[in-house]
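Worth knowing before you read on, the calculation uses all heavy atoms, side chains too, and leaves out hydrogens, waters and symmetry mates. Just so it is clear: chains get the letters A, B, ... in the order the sequence lines come, proteins before strands, and each one is counted from 1.
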Amino acid sequence: MYVEKGCYGGKILFIDLDKEEGKRQPVGDSLALKYLGGDGFGAYLLNKFVNPKVDAFSPENAIIITPGLLTGTIFPTAGKVAFFAKSPVNEGWGEAVAGGRLGFMLKQAGYDAVIIKGKAKQLSYLVIKNDEVLVKPAEHLKGKSTRETQEIIRKDEGGHFKDFVVVSIGLGGENRVRFAGIDVEERQAARSGIGAVMGSKNLKAIAVYGDRDIKVADPEKMYRLFVEYYNKMLESPAFVADGKYGTAEFLEWMNSERGTFPTRNWREGVFDERKEIDPYYWAPRYVVKNKACIQCPKPCGKAFVIKDKYHGELDGVEYETLFALGSNCGVGNIEAVAKANELCDLYGIDTISTGGVIGFVMDLYENGVLSKEDIGIDARFGNEDALIELVEKIARREGIGDMMAEGVKRMAEKLGGNAADYAVHVRGLEPPAYDVRGIKGMALAFMTSPRGACHLRSGAYALELTGKFWKFEGVDRFSSKNKGREIAEMENFMAVYDALGVCKFSRGIFLLDFYDALEAAIGKGFTEEELLIIGERINNLKHIFNIKAGWTREHSKLPKKFRIPIPEGVSKGSYVSEEEEKEMLDDYFGARGWDKNGIPKKKKLEELEIEEFMRE
Amino acid sequence: MYVKAIPENCSGCMVCEAVCSMVHFNVVNRNKSGIRIEKKGVTEDIPHVCSQGNECDYECIKACKYDAIKIDENGVVYVIEEKCTGCRLCELACPLNAIHIHEKMAYKCDLCGGEPECVKYCSQNALVVVEG
């Protein structure tokens, strides 16, 4: 009854690429109330339908796509769509969340989840048009950029308005660059290498069109809430800051006030050459207009146009990318950083991992582990030509790019010697732009995130860096004490956002006050406590998948670089010691109700009603 | 009076579409919205909405074979549901892409009785009301 009268699409679509067919199954109330949608459905379905031991590139792996529960409704900033698969990056839990219109369109087509298994005989693209599912040949799209692929399919599939929402991989996914992502109409589902999984399935793109009503249980109430929150958002300081400068508004603060902006492959925590990569510099000069995700009145996307040498255009540049392709490679020329960003988007490779592996190679070069002959270019930090060329080489898997396309962890293993000392990753995933040597709680979050070094599963960076958020106050970022419960609770908090499909940049406005929104959306409200249990359930399910895939406590180790004190700035001298690492992880496992090896106790699984998943 | 779009300001958030279909039909369905955003690459998001004859020559009315499109006393171009067959002639004729067919019915902007909701909730000032 909640599914039927609420904002659910109502169906799960199973697609078998081998048989070229789609089957539908209704979504029941019990599944909806237990997992909500989005991240919750992903956590349930990946555990249910993918053996965690299969190779990530095996046809037995699945790509699961879920719109959030509120995605498709008018609720402000509810527009997210999530992708799940066994990840070729960490050989375990993989997920990537993006904005754009895909989630909304899946709801209009009547779907709360799409599960794609098997492997197409030849390079193909998938067409989902309401109940119709077609696998079409895509040989003509081979090697095409994400942008061009989407344009061609939109044109070919037609419609009065070229109304198909098309998401695609680029050369990166086709070449199975391990950190290839999926381009969702200029927004990226970048992390975890799900684009490479798409490539392994010979799937170049997915085109979706639906024309059905997305209804809600109480439209008047929903509209009232929309008006209330819309006005609240416009009154918030973030409306001006994000609207003008995007996600990197706090870049200068991260350098001068916190000293935690990772620089030159995590040598420093302050990037002295940051003037141009600060959006206060580039936004007035290069941004032609704002870009928003669906249902967001507070656009942090920017249409960035580069003329002259680096001619191009992109939606960006986001904070994480300004670090990855900027400070981490020592490049301060915003035009070069933006160009490298555009190339990553067009090739469909994750900017964070790409910048991570390029910074790694630059570090190896400056330390004499790799030579100019090995790399093919003078790869010193700050050489913008090397930055651009290495992006190209990774996507094409050319020369050293072939090894770089495997990511920092595998490249270090292949090189042997002391290369691993320079490799910055947790469980194979290159970290985002928070120098956690001076943000201890985030160091723990890098270890506990189900997908590897990630800032968004916990979102605890804001809490750690300002000292307060939600129920937490007086948090000391330099301390390793009492971080377990903090990170576990933040992970549960954030999983609710991903289950609902609400943007995490709204978390300061909504917190977990979704009772009325959910009552309006599906006819049943959820209290903060109820939502947090679902968030905890989701986090445990992802962890169970990792355990079954072979995860042990040893896998969550921090890189050696985090043991070296930050050399300068306001976080000077801070680092994460072996003891602190152990202390925080123990604390976290305790807070989660897991044993000292990180295995959930029976009691916890029963409490969360997910004991069946550990038994299998 | 009509709603005019300023595409240079449009962020492509599509709040206007959702507002329109919620206010008129209590659902979100862009196919039932009287305003629709065309997404064209990175730099172009173009809202299409009826100019009520101010920036066109009433091509829809001229094209309609069923006498299903009229102008009311306030100058608002409206569709008579009982007469519309969904033949698509108006859609093909409109130079502004501002009327379209969904399930055998033409949908277009009706100005919400004089206070267009979409204009109220365009955070980027990409929609304005033009008197006249």
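Residues B:V19 and A:I74 have side chains in contact (heavy-atom distance under 4.5 Å, counting atoms from C-beta outward).
Proximity of a side-chain donor or acceptor of B:S123 to a complementary backbone N or O of A:P297 within less than 3.5 Å is detected. Under the 3.5 Å distance criterion, the side-chain polar atoms of B:N29 are matched with a main-chain donor or acceptor of A:D211. Looking only at distances, a side-chain donor or acceptor of A:K289 sits under 3.5 Å from a matching main-chain atom of B:P7. With hydrogens and angles disregarded, no donor-acceptor distance shorter than 3.5 Å links the side chain of B:Y121 to the backbone of A:F226.
Using a 4.5 Å cut-off between heavy atoms, A:Y209 contacts chain B through its side chain alone, with no backbone atom that close. Contact of B:M14 with chain A is made through backbone and side chain together, with heavy-atom distances under 4.5 Å. For chain B, the nearby part of A:L234 is the side chain; its heavy atoms alone come within less than 4.5 Å. Only the side chain of B:Q124 comes within contact range of chain A, judged by heavy atoms closer than 4.5 Å. Heavy atoms closer than 4.5 Å to chain B are found in the side chain of A:Q108, but not in its backbone. Of the two parts of B:C122, only the backbone, made up of N, CA, C and O, holds a non-hydrogen atom closer than 4.5 Å to a non-hydrogen atom of chain A.
Contact annotation for residues 67-81 of chain B against chain A (heavy-atom separation below 4.5 Å): no residues qualify.
By the 6.0 Å contact criterion, NZ on A:K129 is open, its count of non-hydrogen atoms from other residues, nucleotides or ligands being 12 or less. By the neighbour-count criterion of 12 heavy atoms within 6.0 Å, atom NZ of A:K232 is sparsely surrounded, having that number or fewer from other residues, nucleotides or ligands. Atom NZ of B:K40 has 12 or fewer neighbouring heavy atoms from other residues, nucleotides or ligands inside a 6.0 Å radius. For A:E228, the CD atom is densely surrounded, since the number of other residues' heavy atoms within 6.0 Å is greater than 12. Taking a 6.0 Å sphere around NZ of A:K504, one finds it holds more than 12 heavy atoms contributed by other residues, nucleotides or ligands.
The structure places CD1 of A:I294 at 8.0 Å from CZ of B:R30, a figure rounded to the nearest 0.5 Å.
For the options A:V288, A:D315, A:V305, A:L314, heavy-atom pairs under 4.5 Å to chain B are most numerous at A:L314. Between chain A and the options B:K39, B:E8, B:E103, heavy-atom pairs under 4.5 Å are most frequent for B:K39. Ranking A:E186, A:K107, A:R212 against chain B, the residue ahead of the rest is A:R212, based on heavy-atom pairs under 4.5 Å.
Between B:M22 and A:Y223, the closest heavy-atom pair is CB-CD1, 4.0 Å. B:V42 and A:K291 get closest at one heavy-atom pair: O-NZ, 2.8 Å. Contact between B:N26 and A:P219 at its shortest, heavy atoms only, is OD1-CB, 3.4 Å. When every heavy atom of A:P299 is checked against every heavy atom of B:S11, the shortest pair comes out as CB-CB, 4.2 Å.
Comment: B:R36 engages A:D163 in a salt bridge, judged by a side-chain N to carboxylate O separation of less than 4.0 angstrom. Ion pairing between B:K32 and A:D213 holds under the 4.0 Å rule for side-chain N and carboxylate O.
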